[in-house]
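First up is the structure itself, then whatever we jot down about it.
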Amino acid sequence: QVQLVESGGGLVQAGGSLRLSCAASGRTASSYAMGWFRQAPGKEREFVATISWNGGTIYYADSVKGRFTISRDNAKNTVYLQMNSLKPEDTAVYYCNADMSLIIAKMRPTYWGQGTQVTVSS
């Protein structure tokens, strides 16, 4: 079992930056691939980024490549999402997730956080 708690969401102007954090608890949390999905109002939840347990493999959605950076600190059992050059279309609830499989983490991760709101004003 892995418990995930997100933080760092908020309101920012277009072009600004935010950093999301996700703290994982559980005996083997550092063994999990971790990542982020997001869900905008009226839209389906979509993949944003994922990182392997050792940080060696990273995937991004095309919509965020070059603007968002995912990283992790296994000593703190925490994954981060640095979001730069934010756009109004990035407005969504951002969900942290985890799965033992990196591939599954990109599609249907097993564990989810409660979500944190990110709002980008134009």
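Keep in mind that what you see is a predicted model, and the values were worked out from it rather than measured.
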Quiz item: Could you go step by step and tell me if Ser71 and Gln82 meet the side chain to side chain contact (heavy atoms under 4.5 Å, CB included) rule?
Solution: CA-CA 8 Å; Ser71 61; Gln82 178 67 42; over 6 Å; no
Quiz item: When you look at Leu102 and Thr57, which way does the side chain to side chain contact (heavy atoms under 4.5 Å, CB included) test go after all the steps?
Solution: CA-CA 9 Å; Leu102 178 64; Thr57 303; 3.5 Å; yes
Within the side chain of [X], is there an N or O that forms a donor-acceptor pair under 3.5 Å with the backbone of [Y]?
X: Ser31; Y: Ala29; result: no
X: Glu6; Y: Gly115; result: yes
X: Thr91; Y: Val120; result: yes

Report yes or no: is the cationic atom of [X] (NZ for Lys, CZ for Arg) under 6.0 Å from the centre of the six-membered ring of [Y], at an angle within 45° of the ring normal?
X: Arg45; Y: Trp112; answer: yes
X: Lys106; Y: Tyr59; answer: yes
X: Arg19; Y: Tyr80; answer: yes

Practice problem: Mind listing the closest non-hydrogen atom pair of Phe47 and Phe37 along with its distance? | Solution: N-CD2, 3.5 Å
Practice problem: Could you list the residues that satisfy side-chain contact (heavy atoms from CB on, under 4.5 Å) with Ser121, not counting sequence neighbours? | Solution: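 By the side-chain contact (heavy atoms from CB on, under 4.5 Å) rule, Ser121 matches Leu11, Gln13.
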Quiz item: How many angstroms lie between atom CE of Met107 and atom OG of Ser101, to the nearest 0.5 angstrom?
Solution: 7.0 Å
Quiz item: Got a second to check how far Cys96's SG is from Gln114's CD, nearest 0.5 Å?
Solution: 9.0 Å
Practice problem: Classify the side-chain pair Thr78/Asp73 by whether it contains a donor and acceptor separated by less than 3.5 Å. | Solution: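 Note: Thr78 and Asp73 side chains miss the donor-acceptor criterion.
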Exercise. Mind running salt bridge (charged side-chain N to carboxylate O under 4.0 Å, His left out) on Arg108 and Asp99 for me, showing each step along the way?
Key: CA-CA 9 Å; Arg108 295 186 306 277; Asp99 199 279; over 6 Å; no
Exercise. Go through the steps to decide whether Lys65 and Asp62 satisfy the test salt bridge (charged side-chain N to carboxylate O under 4.0 Å, His left out), and finish with yes or no.
Key: CA-CA 5 Å; Lys65 277 182 185 176; Asp62 288 343; 3.2 Å; yes
